[in-house]
Amino acid sequence: MSTEGLNETPATPETAPSNFIRDIIIQDNKTGKHGGRVHTRFPPEPNGYLHIGHAKSICLNFGLAKEFGGKCNLRFDDTNPSKEETEYVDSIINDVRWLGFDWEDRLFYASDYFEQLYQWAIQLIKQGQAYVCDLTAEQVRETRGTTTEPGTESPYRNRSIEENLDLFQRMRAGEFPDGSRTLRSKIDMASPNFNMRDPVMYRILRAEHHRTGNDWLIYPMYDYTHGECDSIEGITHSICTLEFEDHRPLYDWYVESLGIHRPQQIEFDRLNLTNTMLSKRKLLLLVQKGYVSGWDDPRMPTLSGIRRRGYTPEALRAFCGSIGVSKTNGTIEFPLLEHHIREDLNARAARVMAVVDPIKVIIDNYPDGQTEELEAANHPDKPEMGMRQVPFSKVLYIERDDFREVPPPKYYRLFPGQEVRLRYAYFIKCVSVVKDANGEVTEVHCTYDPASRGGNSPDGRKVKSTIHWVSAEHALTFEARLYESLLLEDAPQSDDIATQLNPTSLVVKANAKIEPSVKGAAPNTHFQFERVGYFNVDLDSTDEKLVCNRTVQLKDTWAKIAKK
RNA sequence: UGGGAGAUCGUUCAACGGUAGGACAGCAGACUCUGACUCUGCUUAUCGGGGUUCGAAUCCCUGUCUCCCAGCCA
């Protein structure tokens, strides 16, 4: 059986209300501000893997472009070679594509523009708006001033244009050691906005760049780079997160000073999720310190992690559409994400019976050695997904949690004297139990009602509960990986990640049992294990050993009742 | 105690001077061969104080609280 190639279900933007950025675009189109054009971009730095926070930005940028008949570029903001790697570039390309977006032939790199940026820097020098500064990093910091005091001007601020041109050219040529000089913009050391206090445009940095190799010894800073890249690409709306609000005056200063196309920077709030780390720096730490198996560990909030966990692009897009866009600094509750993956998988995932924590059930009055095939629906609401045969025999496994020797109040499942239905099979009644030396129940003995074959009794008798099962003889043994949040609930925010980790974020059930129909299912096939949760086949699966990840549990009303 | 940006149900997004609405969560019920799904119902909000107005979440003033900014990171 296979659910390969789950049908594409369209994201539902029409269910999402408008947002302030959409309103700005509508207004701009009305006034003809950008000639009715909409051109956005998603500009990650290739210094880590994309996470679900990036998904919000991706959906926003590509989504807006699509909605307004515009374009969206993918551009790598690769101006700091010391942190960037090709591995990250590749993963980002893969992840954006997986999410379902297409930049066509518009894949760019800030490094594509290094020469142009250099020429523009010369222009600013010639315009008297940039100068080479010999101050050390520490001196620059000391002279920057404070929130209440203005900074002091660099003694090198008034060098002649000729000297600046010469020095800058020699910076590029490699005549000076790393960190010894910078090119700075000549703006206003007394500005209340620190970004305007003669910001650094270029630093000397001998580091191999993942694309330009050792061609450059000087690298442009983000602020000097971003607006110009947007400008070159004809970006109309440059959408970024809130922390860049203070940078907007500088963004504008560069494109205006250069006299080039001026895109419009708009800031929105970055995604925060309860109980979830969404900082590249901390995620890198988790990987480096080995707290997770890698960037694609299914507990990671990276796109590669949640993909491996079994989240679908459709669910992610629906989630991103549902959370809205604003400037409020909020935190989305994780259950909203879970709602969207359940909604998607409920509609599409094939049903299957699997027992994660097995306990043996023996049907005393069932003939020894007999096997029969029972018919089961692959999806309760989708007959077109077909039926399958599930083998039944005398010895079965059921979920340990579906049997209690002493039932708590409102417990509908199996206990001595109680009759339940085995899904698609028979009514069974518990008659006795066998225990080991420790008093643990090892076997539950039942009798079945042959007249109830298929799951209904001709006498109209009702049972309170239907439970899932597998035939011991026919079941496949598999490894179920049960995930919980990587972080402890209410973990205090701190850099000491170790103390915040949930010790049960991964529980491996090596002896889980599943019906034989799943044999050979391809990696990342999604299933609903009935009454347990949504699972997908993990990459670690082999022909000999099936490994499944629990994507998310089914909602569990019983768990709530039991708690009370 | 400088500058920038915010504040609407528990959470989040809407309402753009004219009935405060949706989603998630929660609660109660119906249905059910998944205690799932689905369906029904319910609870709960305009940060405080002033003003303008026939009418204010929306405009004005004022106070409070939260977030961001002093990398040669992005």
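Chain A is the first sequence line, chain B the second, and so forth, proteins listed ahead of strands; every chain is numbered from 1.
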For atom P, what is the distance between B:A5 and B:C61, given to the nearest Å? 14 Å
Taking atom P in both B:C59 and B:G6, compute the distance separating them and give it to the nearest angstrom. 12 Å
How would you label the contact of A:G145 with the nucleic acid (heavy atoms, under 4.0 Å): base, sugar-phosphate, or nothing? base
Stacking check A:Y412 vs B:G35 (5.5 Å / 30 deg): yes
Is the base of B:G4 touched by the side chain of A:N193 through a donor-acceptor pair closer than 3.5 angstrom? no
Checking N1-N3 plus N6-O4 or O6-N4 for Watson-Crick, or N1-O2 and O6-N3 for wobble, each under 3.5 Å, the partner of B:A28 is B:U40
Regarding A:E530 and A:Q528, do their side chains bring together a donor and an acceptor under 3.5 Å, going by distance alone? no
Send over the distance from A:E399 CD to B:A36 P, rounded to a whole Å. 16 Å
So does A:K429 have more than 12 non-hydrogen atoms from other groups sitting under 6.0 Å from NZ? no
Determine whether a donor-acceptor pair (one donor, one acceptor, N or O, separation below 3.5 Å) exists between the side chain of A:D269 and the base of B:C67. no
Ignoring hydrogens and geometry beyond distance, is the side chain of A:R413 in donor-acceptor contact with the base of B:G35 at under 3.5 Å? yes
Please check the phosphate of B:A36 (OP1 and OP2 only) for any side-chain N or O of A:T557 closer than 4.0 Å. yes
How close or far is atom C1' of B:C73 from atom NZ of A:K280, stated in whole angstroms? 11 Å
Ring-on-base stacking B:G35 with A:W558 (under 5.5 Å, under 30°): yes
Under-3.5 Å donor-acceptor pair between A:H247 side chain and B:A74 base: yes
Whole angstrom is fine here: how far is it from CG in A:N19 over to P in B:U8? 17 Å
A:H209 (side chain) donor-acceptor with A:D78 (main chain) under 3.5 angstrom: yes
Provide the distance between the two C1' atoms, one in B:U32 and one in B:U40, to the nearest whole Å. 15 Å
Please state the P separation for the pair B:A36 and B:U46 - nearest whole angstrom. 34 Å
Specify the separation, in whole Å, of atom CD of A:Q265 and atom P of B:A74. 15 Å
Gap between atoms OH and P, on A:Y109 and B:A74 respectively (whole Å): 18 Å
Would one find a side-chain N or O of A:K327 under 4.0 angstrom from OP1 or OP2 of B:C67? no
May I ask you to say what A:T274 touches in the nucleic acid, namely base, sugar-phosphate or nothing, with a heavy-atom cut-off under 4.0 Å? nothing
Considering every strand and a 4.0 Å limit on heavy-atom distances, what is the contact class for A:Y411: base, sugar-phosphate, or nothing? base
A:V325 or A:D246, whichever maps to the more 5' nucleotide of RNA chain B: A:D246
Indicate, with a heavy-atom threshold strictly under 4.0 Å, whether A:T136 touches base, sugar-phosphate, or nothing. base
Looking just at side-chain N and O atoms, do A:E138 and A:T136 make a donor-acceptor pair shorter than 3.5 Å? no
Presence of A:S326 side-chain N/O under 4.0 Å of B:C13 phosphate oxygens OP1/OP2: yes
Reckon A:D223 touches a base, only the sugar-phosphate, or nothing at all at heavy-atom distances under 4.0 Å? nothing
Can you measure A:H210 atom NE2 to B:A74 atom C1' for me and round it to whole angstrom units? 13 Å
Stepwise, does the salt bridge (charged side-chain N to carboxylate O under 4.0 Å, His left out) test hold for A:E245 with A:K327? CA-CA 11 Å; A:E245 277 174 329; A:K327 294 175 82 98; 3.1 Å; yes
Using a 4.0 Å heavy-atom cut-off, does A:L135 contact any base of the nucleic acid, only the sugar-phosphate backbone, or nothing at all? base
Using a heavy-atom cut-off of 4.0 Å across all strands, would you classify A:E149 as base, sugar-phosphate, or nothing? nothing
Under a 3.5 Å distance rule, please check whether A:S231 uses its side chain to pair with a backbone N or O of A:C229 as donor and acceptor. no
Atom P, compared across B:A7 and B:C60: separation rounded to whole Å: 14 Å
So A:E45, base contact, sugar-phosphate only, or nothing? Heavy-atom distance under 4.0 Å. sugar-phosphate
Check every strand shown and say whether A:G455 touches a base, only sugar-phosphate, or nothing at a heavy-atom separation below 4.0 Å. base
As a test of the definition: with a 90° window around 0 for syn, would you call B:G71 syn or anti? syn
Distance test, side-chain N/O of A:R203 to OP1/OP2 of B:A74, below 4.0 Å: yes
Would you state whether a donor and an acceptor, one from the side chain of A:E333 and one from the base of B:U12, lie under 3.5 Å apart? no
Ignoring hydrogens and angles, tell me if any N or O in the side chain of A:W216 forms a donor-acceptor pair with the backbone of A:F114 under 3.5 Å. no
Distance below 4.0 Å between A:R342 side-chain N/O and B:A36 OP1 or OP2: no
Base, sugar-phosphate, or nothing for A:L554, non-hydrogen atoms under 4.0 angstrom? base
Apply the test salt bridge (charged side-chain N to carboxylate O under 4.0 Å, His left out) to residues A:R348 and A:D344: give CA-CA distance (whole Å), side-chain angles for both, the deciding distance (0.1 Å), then the verdict. CA-CA 7 Å; A:R348 307 150 71 199; A:D344 186 34; 2.4 Å; yes
Derivation and outcome, salt bridge (charged side-chain N to carboxylate O under 4.0 Å, His left out), residues A:E233 and A:R75: CA-CA 10 Å; A:E233 295 177 12; A:R75 181 172 72 234; 2.9 Å; yes
Mind checking who B:U19 pairs with, Watson-Crick or G-U wobble, both distances under 3.5 Å? none
For nucleotides B:U62 and B:G41, find the distance between their P atoms and express it as a whole number of Å. 46 Å
Inter-nucleotide C1' distance (B:U19, B:U58), Å rounded: 15 Å
Could you let me know what B:C9 is paired to, Watson-Crick or G-U wobble, both distances under 3.5 Å, or none if it's on its own? none
Phosphate OP1/OP2 of B:C24: any A:H339 side-chain N/O under 4.0 Å: yes
What nucleic acid atoms does A:R423 come within less than 4.0 Å of, heavy atoms only: base, sugar-phosphate, or nothing? base
Taking only N and O in the side chain of A:T79, is any of them less than 4.0 Å away from OP1 or OP2 of B:A74? yes
Base, sugar-phosphate, or nothing: which does A:I204 touch, judged by heavy atoms less than 4.0 Å apart? nothing
Between A:E419 and A:R461, does a salt bridge (charged side-chain N to carboxylate O under 4.0 Å, His left out) hold up when you go through it step by step? CA-CA 10 Å; A:E419 186 173 54; A:R461 196 160 86 247; 2.8 Å; yes
What nucleic acid atoms does A:Y219 come within less than 4.0 Å of, heavy atoms only: base, sugar-phosphate, or nothing? nothing
By nearest nucleotide on RNA chain B, pick out whichever of A:K410 and A:C133 is the more 5' one. A:K410
pair_partner(B:C67), Watson-Crick or wobble, both distances < 3.5 Å, evaluates to B:G4
Nearest-angstrom distance from the residue atom NZ of A:K555 to C1' of B:C24: 9 Å
For A:P380, report the nucleic acid contact type (base, sugar-phosphate, nothing); a contact means any heavy atom under 4.0 Å. base
What's the gap between B:A15 and B:U66 when it is taken at their C1' atoms, as a whole Å value? 24 Å
Rounded to whole Å, CG of A:N272 lies from C1' of B:U66 at a distance of 13 Å
